[in-house]
Amino acid sequence: MRRVALYDSMTRSVRVLAPIQPPRVGLFVCGLTPYDEAHIGHARTFVFFDVVARALTRWGYRVFSVQNVTNLDDKIIARAGELDEDPLLLAERHFLAWLFLAGRLGIRSVNYYPRATDYVPEILAQIQALVDRGYAYPSQGSVYYEIAKFPRYGALSGQRTEALRPGARVEVDDAKRAPGDFVIWKAATPGEPSWESPWGPGRPGWHIEDTAITLRLFGPRYDLHGGGLDLIFPHHESEIALAEAATGESPLVNYWMHGGLLNLAGEKMSKSLGNVYSLRTAIDEFGPMVLRFYYLNAHYRSPLEFVRAESLPEAREAYARLVLPSDRIAEILDRDGAERPGAEGPPELLERAEDLVERLDTTLADDFNSREAIALLFGWTRELTEHLDRFPSYSGDTLAALQEPYDWASETLGLFERSSTGRAGAWAQVVPIAIAARARARARGDFAEADRIRDELSAVGVHLEDDAAGTRWDFSGPK
RNA sequence: GCCGAGGUGGCAGAAUGGUUAAUGCGACGGACUGCAGAUCCGUUUCCUGGGGGUUCGAUUCCCUCCCUCGGCUCCA
């Protein structure tokens with residue numbers, strides 16, 4: 001297992017990862033509340049934690065990654081009411097839409113997506129434990145957690161409970177003993193989904209679902225808990241209070257990891273302002289790898305300024321440049337196979353490829369500095385650029401060796417994934433014939449015919465480019 | 001108001017107690033080309049929010065102020 005340093009929000013310092021049961025690592029990430037379409041901010045967090053899981057796996061850890069789905073809350077119920085739809089079905093619909101987008105983004109490290117409502121028995125058991133131990137009290141059909149009973153409340157966020165502004169966004173509620181107390185079991189309202197409980201029919205509060213799930217799956221203590229920076233208070237603070245009070249064990253998690261948010265330059269991205277940028281739109285327009293590149297091109301803890309008209313086009317240009325040598329290599333290997341004979345590349349170049357992979361691992365293992373790793377990859381792209389015109393003479397072994405840093409990026413960062421509609425498939429039969437016909441037309445000076453062939457291919461999504469070595473092509477879709 | 005995260009070149013965004021502060025985008029010039037596109041080469045030596053302090057030396061550490069973003073019971 002490689003030595004991994006990561007920033008822990010609780011101690012506000014970089015610490016070396018020491019799993020409770022090496023090589024196992026339990027990773028829990030707060031997932032979506034799927035009441036609407038996902039936006040580009042959401043995906044930043046989940047792409048990052050996908051990299052965490054991928055990298056740890058590469059380095060010899062055995063990661064169990066869980067991402068909960070809050071499939072019932074006030075917003076979901078409100079939205080379902082507007083649409084006259086069942087709340088749980090609405091949540092499931094949006095969750096599946098997210099899952100599909102996540103798949104396109106190459107997020108595939110999550111082992112389990114538990115739905116909150118599948119854990120009602122665990123939630124009720126935990127509430128009972130909290131009531132028995134005196135940390136929670138029933139009131140008017142609901143059950144509340146009393147933060148005054150948990151002195152460490154505020155340790156993660158630095159919030160002092162007395163400083164909270166009562167009445168700012170919290171309705172003053174006479175059911176609570178103190179304004180900071182939060183609901184863990186919410187009394188049923190007619191027409192909403194509800195479950196029976198010792199305190200009357202109701203549904204789970206937000207914070208308790210996560211601890212009920214992790215207590216079940218990981219036990220009272222586990223390794224990593226992640227989420228967006230905006231979840232620290234009250235959500236994660238409350239998780240600690242709920243779990244540690246219920247089990248008597250501490251700490252609930254050994255490392256708290258929080259991802260920086262994506263800001264819409266100058267404006268706050270929020271649904272109420274109507275300025276969200278749909279994730280689906282972004283992926284459709286720029287492709288999932290460009291999005292992934294964009295997110296990983298900044299350190300995960302930094303805020304990221306999303307400039308509406310510039311960020312994604314810029315990422316597209318940069319990514320296209322980054323992958324160029326890799327694409328050229330893949331093109332040759334796709335055509336000739338890995339056994340292809342040819343010259344061995346310069347030994348010092350092959351050696352640098354190997355060294356670079358080690359440097360990439362070291363860099364990423366230092367608090368997941370994907371930005372620095374990408375800078376190193378750009379260096380490799382620059383270096384290979386000098387050799388581009390010699391690629392066709394290199395052996396399959398040499399080309400595979402030169403490809404290794406990019407393979408590393410594919411494995412850990414999830415970049416460099418090629419679509420299945422690339423050069424393989426039926427086009428591989430047809431296009432070379434058309435290119436040859438066009439070459440003959442150009443040779444005899446019939447440029448009208450040459451352009452016609454190019455245009456026709458372009459119309460069906462096959463794009464040609466002429467360079468010194470001849471004509472290259474790819475399939476990137478119509479228009 | 002309180003808590004937290006940040007302020008680096010035209011833009012995005014790394015890093016570091018010490019020679020020219022990454023990387024990318026953009027821009028400009030050139031090469032190549034039937035055209036288009038792509039690519040290649042070169043240039044973009046004056047960039048670390050303001051003010052103090054510590055130090056031989058700070059962008060980096062400390063204090064303070066200003067600004068931005070997030071949270072303060074819906075938020076990735």
Side-chain angles (χ1 to χ4, degrees), chain A residues 9 12 29-33 35 38-49 67 70 73-76 78 154 156-166 168-171 173 176 179-183 205-207 226-235 237-238 258-272 293-294 297-299 301-307 310-311 313-322 324 328 369-379 381-382 385-386 388-389 442 445-447 450-451 454-455 458 463-469 472:
Chain A
S9 309
R12 302 201 168 92
V29 176
C30 287
L32 286 174
T33 301
Y35 71 101
H39 60 65
I40 49 169
H42 295 130
R44 182 187 184 194
T45 300
F46 300 118
V47 164
F48 168 67
F49 284 105
Q67 219 167 93
T70 304
D73 82 335
D74 292 347
K75 273 191 298 194
I76 292 171
L156 178 65
S157 62
Q159 289 278 9
R160 288 169 303 125
T161 54
E162 322 83 65
L164 299 184
R165 252 190 197 175
R169 281 168 76 172
V170 199
E171 310 244 332
D173 187 342
K176 296 183 190 178
D181 293 353
F182 55 90
V183 68
W206 179 35
H207 311 307
L229 218 47
D230 53 346
L231 292 180
I232 290 178
F233 189 88
H235 188 51
E237 196 73 75
S238 300
H258 290 103
L261 302 186
L262 181 131
N263 300 324
L264 240 42
E267 29 178 342
K268 172 185 170 163
M269 179 161 55
S270 76
K271 304 217 161 145
S272 54
F293 172 84
Y294 170 66
N297 205 204
H299 190 100
R301 286 195 278 119
S302 302
L304 219 191
E305 291 299 320
F306 183 81
V307 185
E310 293 168 18
S311 294
E314 177 189 323
R316 178 176 54 200
E317 295 308 312
Y319 183 66
R321 174 178 162 73
L322 181 64
L324 190 118
R328 294 290 167 87
N369 195 337
S370 59
R371 180 57 188 102
E372 197 62 29
I374 286 174
L376 290 171
L377 288 166
F378 269 113
T381 285
R382 231 178 306 117
T385 298
E386 293 173 30
L388 231 42
D389 52 359
R442 293 173 75 202
D446 187 353
F447 297 117
D451 288 349
R454 184 169 62 189
D455 291 346
S458 179
H463 304 284
L464 305 190
E465 280 174 18
D466 300 318
D467 63 21
R472 303 183 322 100

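Every heavy atom of this structure was used, including side-chain atoms; hydrogens, water molecules and symmetry mates were not. Chain letters run A, B, ... following the sequence lines, proteins first, then strands; residues in each count from 1.
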Nearest heavy-atom neighbours spanning A:K176 and A:D181: NZ-O, 3.0 Å
Taking B:G9 as the reference, what is the distance to B:C46 when you measure between their P atoms (whole Å, please)? 12 Å
Residue pair A:R454/A:S311 against RNA chain B: nearer the 5' end by closest nucleotide is A:S311
Say we look at B:C28 and B:G18: how far apart would their P atoms be, to the nearest angstrom? 37 Å
Think A:R371 has a side-chain N or O under 4.0 angstrom from the OP1 or OP2 of B:A22? no
Counting any heavy atom closer than 4.0 Å, what does A:G445 reach on the DNA or RNA strands: base, sugar-phosphate only, or nothing? nothing
For A:L376, report the nucleic acid contact type (base, sugar-phosphate, nothing); a contact means any heavy atom under 4.0 Å. nothing
Residue A:P234, side-chain atoms from C-beta onward, closest of B:A76, B:C72, B:A5: B:C72
Whether A:F378 and A:F293 hold their rings parallel, tilted or perpendicular, with breakpoints at 30° and 60°: perpendicular
For A:L229 and B:A5, what is the distance between atoms CG and P respectively, to the nearest whole Å? 8 Å
With sugar-phosphate meaning primed atoms plus P, OP1 and OP2, does A:A375 contact a base, only sugar-phosphate, or nothing at under 4.0 Å between heavy atoms? base
Contact class for A:R316 vs. all strands (heavy atom < 4.0 Å): base, sugar-phosphate, or nothing? nothing
What is the distance, to the nearest angstrom, from the CG atom on A:N263 to the P atom on B:G6? 13 Å
Which whole number of Å gives the distance between the P atom of B:C66 and that of B:C47? 27 Å
Return the nearest nucleotide to the side chain of A:D230; candidates are B:A12, B:U23, B:G71. B:G71
Rounding to the closest angstrom, what is the interatomic distance between B:U64 and B:U20 at atom P? 33 Å
Hey, is A:F233 doing a stacking thing with B:G71, by the 5.5 Å centroid and 30° angle criteria? no
Knowing that exactly one of A:T381, A:T385, A:L388 qualifies, which makes a side chain to side chain contact (heavy atoms under 4.5 Å, CB included) with A:L324? A:L388
NA contact type, A:G259, heavy-atom cut-off 4.0 Å: base, sugar-phosphate, or nothing? nothing
Minimum heavy-atom separation for A:L229 to A:G260, with atom names? CD2-CA, 4.2 Å
Would you classify A:N369 as touching base, sugar-phosphate or nothing, given that sugar-phosphate means primed atoms plus P, OP1 and OP2, and contacts are heavy atoms under 4.0 Å? sugar-phosphate
Closer to the 5' end of RNA chain B via nearest nucleotide, is it A:G379 or A:G260? A:G379
Sugar-phosphate, base or nothing in reach of A:S157, heavy atoms under 4.0 Å: sugar-phosphate
Rounded off to whole Å, could you give me the CD-to-C1' distance for the A:Q159 and B:G1 pair? 11 Å
Taking only the C1' atom of each, what is the distance from B:U16 to B:A58 in whole angstrom? 10 Å
Scan A:F378 against the nucleic acid and name what it touches under 4.0 Å (heavy atoms): base, sugar-phosphate only, or nothing. sugar-phosphate
Could you state the atom-to-atom distance from CG of A:N297 to C1' of B:U23 in whole Å? 8 Å
Partner of B:C40 under the Watson-Crick or G-U wobble criteria, both distances under 3.5 Å, comes out as B:G30
Could you tell me whether a side-chain N or O of A:S458 sits under 3.5 Å from a main-chain N or O of A:R454, the two making a donor and an acceptor? no
Take atom NE2 of A:H235 and atom P of B:C72, then tell me their distance rounded to the nearest Å. 13 Å
Inter-nucleotide C1' distance (B:U45, B:G53), Å rounded: 32 Å
Would you mind reading off the distance between A:Y294 atom OH and B:U23 atom C1', rounded to a whole angstrom? 16 Å
Could you check which nucleotide pairs with B:G1 in any of the strands shown, counting Watson-Crick or G-U wobble with both distances under 3.5 Å? B:C72
Contact class for A:S302 vs. all strands (heavy atom < 4.0 Å): base, sugar-phosphate, or nothing? sugar-phosphate
Expected output: side-chain A:R301 to main-chain A:G259 donor-acceptor under 3.5 Å: no
Measure from CD on A:E310 to C1' on B:A27 and round the result to the nearest Å. 13 Å
A:L156 backbone acceptor or donor facing A:E237 side chain under 3.5 Å: yes
So which atom in A:R442 and which in A:A450 form the shortest heavy-atom distance, rounded to 0.1 Å? CG-CB, 3.5 Å
Name the orientation class of the two ring planes belonging to A:F182 and A:H207 (parallel below 30°, tilted from 30 to 60°, perpendicular beyond 60°). perpendicular
Base, sugar-phosphate, or nothing for A:L231, non-hydrogen atoms under 4.0 angstrom? sugar-phosphate
Which whole number of Å gives the distance between the C1' atom of B:U19 and that of B:A12? 28 Å
Of the options B:C74, B:C25, B:G6, whose atoms approach the side-chain atoms of A:R301 most closely? B:G6
Shortest non-hydrogen contact between A:G226 and A:F49, atoms and distance: CA-CZ, 3.4 Å
Rounded off to whole Å, could you give me the NE2-to-C1' distance for the A:H463 and B:G37 pair? 12 Å
Protein-nucleic acid N or O pairs under 3.5 Å, nucleotides 38-40 of chain B:
unit_1 : atom_1 : unit_2 : atom_2 : d
B:A38  : O2'    : A:E465 : OE1    : 3.3

For the P atoms, the ones on B:G6 and on B:G10, what distance do you get once it is rounded to whole angstrom? 24 Å
